[in-house]
Amino acid sequence: MPFPNRRLRRLRTSEKMRQLVRQTTLSPEDFVCPVFVQEDLEARINVESMSDIQRLPLSDVNDEIKKIIDLGIPAIMLFGIPSHKDDAGSSAFDDDGIVQKAISQIRTEFGDNIVIMADVCLCQFTSTGHCGIIQGDIIDNDASIETLAKIAVSQAKAGVDTVSPSAMMDGQVAAIRKALDDNGFTTVSIMSHSAKHCSSFYSPFRDAALCAPKFGDRKTYQVPYSNARESMMEVEEDIGEGVDIVMIKPALSYLDLISETRRRFDIPISAYSVSGEYALVKAASQLGYVNERDITLEILYSIKRAGADMIVTYFAKSAAKFLQES
Ligand code: PBG
């Protein structure tokens, strides 16, 4: 029915009318809020490249979680920064490690009022800054997944709800699922960074988590950003290995892959809007080139519209406030 009978502007006449026909919704319930906790820290430290993001001492973590809960955000993603790094990444699976301590402290204080997710990786914990165990000059896949499984089990013992492997080792989901089940943690879920691309958008995070690789790069394990079908194979592999939630990462330059995953699979999809996406917006807003509120909401809506069920985002708190105000 062409113009003049069809006038699409009729349903855009007022804010209420636009609400009525809104096809995508965005709410604080869609967010997973990253939290950085650093061992042996006395006071919060601002992350220079990520305005308003801080590394917290353990003693500040519960305050932060309270704020996140009060904003209506249902989940956090914990990243730990240990004092001790070694070749085996041993602080990552220490039952008294910084992440394990944070998990049990949060669980004790807040019970089931927050979904506790934790990153399962080695890069913050290894002296090399790589996401796996090094043998010679290669990252040994099969040795690495054994360690990742140990990390997941130690986090499960501390009371984590969901472990989130981000190392991009083949078979990491299967290894973790088996180790969790063998240790009786059959209800702990896995949200894998399934299609994690080798991206320049991670640079500010490496500042935040002190995990830049000391040599080389992550090209031998992360997916090349040119390869969409390879990403879909990663997602399919993880589903085959028993993952509960798949992830596409980064988000904003990868909306095609989020919608392709939505089209192909019925599993819950998370999108990780990474540090670089955040840093670009914050920097441009501080320069007055864009309106922070408007651009933040537009970006998050677009990630939902592409098909994500949830968004891991450094905007979680600020966007929740914007949504409450609107
Ligand atoms: C490492 C890890 C990275 C991020 C999450 N986990 C960095 C990397 O792969 O170098 C990036 C997150 C972000 O940029 O916000 N396991």
Side-chain angles (χ1 to χ4, degrees), residues 31-38 47-55 76-82 85 89 91-93 99 117-134 139 141 144-145 147-148 151-152 155 162-169 172-173 176 190-225 231 234 247-254 270-283 299-300 303 310-318:
F31 303 150
V32 178
C33 187
V35 173
F36 295 102
V37 54
Q38 182 169 354
V47 176
E48 201 182 287
S49 52
M50 297 173 74
S51 173
D52 299 331
I53 302 293
Q54 299 167 318
R55 286 188 246 133
I76 55 160
M77 175 66 70
L78 270 176
F79 290 98
I81 300 115
K85 302 188 190 228
S91 312
F93 51 86
V99 175
M117 299 183 162
D119 187 61
V120 172
C121 194
L122 279 163
C123 55
Q124 288 103 280
F125 302 88
T126 48
S127 11
T128 60
H130 275 291
C131 302
I133 303 288
I134 310 276
I139 291 142
N141 190 86
S144 301
I145 62 178
T147 306
L148 295 171
I151 302 173
Q155 294 179 349
T162 306
V163 291
S164 190
S166 64
M168 287 305 289
M169 296 296 129
Q172 62 183 11
V173 170
I176 289 172
I190 304 175
M191 176 165 92
S192 180
H193 291 48
S194 307
K196 176 174 177 181
H197 300 83
C198 195
S199 171
S200 289
F201 283 98
Y202 305 148
S203 319
F205 176 92
R206 294 177 188 167
D207 249 18
L210 309 180
C211 68
K214 295 280 183 298
F215 61 87
D217 50 41
R218 306 211 201 284
K219 285 190 181 148
T220 67
Y221 40 107
Q222 300 180 341
V223 186
Y225 52 71
S231 291
E234 287 283 3
M247 180 193 289
I248 304 296
K249 177 182 181 181
L252 195 52
S253 281
Y254 298 78
S270 64
Y272 197 142
S273 175
V274 301
S275 55
E277 298 173 44
Y278 177 84
L280 293 181
V281 167
K282 291 299 263 190
I299 289 172
L300 296 172
I303 297 168
M310 66 195 85
I311 310 172
V312 184
T313 173
Y314 304 96
F315 292 116
K317 288 195 299 174
S318 58

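In listed order, ligands and their atoms are each counted from 1. One-based numbering along the sequence shown.
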Item checked: Short N or O distance, Gln222 and ligand 1, threshold 3.5 Å exclusive -> yes

Note to self: With heavy-atom distances below 4.0 Å as the criterion, list the atoms of ligand 1 near Tyr272.
What the structure shows: 12 (C), 15 (O)

Checklist line | Per-residue contact class, His193 against ligand 1 - non-hydrogen pairs under 4.0 Å | finding: neither

Notebook entry, point to check: When rounded to the nearest 0.5 angstrom, what distance separates CD1 in Ile81 from CZ in Phe125?
Noted result: 8.0 Å

Next item on the list: Could you tell me whether some N/O pair between Gln124 and ligand 1 is separated by less than 3.5 angstrom?
Entry: no

Notebook entry, point to check: Can any side-chain N or O of Tyr314 pair as donor or acceptor with the backbone N or O of Ser273 at less than 3.5 Å?
Noted result: no

Next item on the list: List every atom of ligand 1 that sits less than 4.0 Å from any heavy atom of Cys123, numbering the atoms from 1 in the order shown and giving each element.
Entry: 1 (C), 16 (N)

Notebook entry, point to check: In the protein, what heavy atom is nearest to atom 14 (O) of ligand 1, and what distance, to one decimal place, separates them?
Noted result: Ser275 OG, 2.6 Å

Notebook entry, point to check: How long is the span from the CG atom in Asp119 to the CD atom in Gln124, to the nearest 0.5 Å?
Noted result: 5.5 Å

Margin query: To the nearest 0.5 Å, what is the distance between OH on Tyr278 and CG on Leu280?
Written below: 12.0 Å

Notebook entry, point to check: Which residue and non-hydrogen atom of the protein lie closest to atom 7 (C) of ligand 1, and at what distance in Å?
Noted result: Phe205 CD2, 3.5 Å

Item checked: Side chain, backbone, both or neither: the part of Tyr278 lying under 4.0 Å from ligand 1 by heavy atom -> neither

Next item on the list: Number the atoms of ligand 1 from 1 as they appear, then name those within less than 4.0 Å of a heavy atom of Arg206, with their elements.
Entry: 8 (C), 9 (O), 10 (O)

Check: More than 12 heavy atoms of other residues, nucleotides or ligands under 6.0 Å from OH of Tyr225: is that the case?
Finding: no

Margin query: Any non-hydrogen side-chain atom of Ile176 less than 4.5 Å from a side-chain atom of Pro165?
Written below: yes

Check: Roughly how far apart are Tyr202 OH and Lys196 NZ, rounded to 0.5 Å?
Finding: 5.5 Å

Notebook entry, point to check: Is it true that atom NZ of Lys219 has more than 12 heavy atoms of other residues, nucleotides or ligands lying nearer than 6.0 Å?
Noted result: no

Margin query: For Cys121, which part has a heavy atom under 4.0 Å from ligand 1: side chain, backbone, both, or neither?
Written below: side chain

Item checked: Protein heavy atom at shortest distance from atom 2 (C) of ligand 1 -> Lys196 NZ, 3.1 Å

Notebook entry, point to check: Under 4.0 Å from any heavy atom of Tyr314, which atoms of ligand 1 are there?
Noted result: 12 (C), 13 (C), 15 (O)

Check: Who's the nearest protein heavy-atom neighbour of atom 4 (C) of ligand 1, and how far?
Finding: Lys249 NZ, 3.1 Å

Item checked: Least distance between heavy atoms, Gln172 atom then Ser166 atom -> NE2-N, 4.4 Å

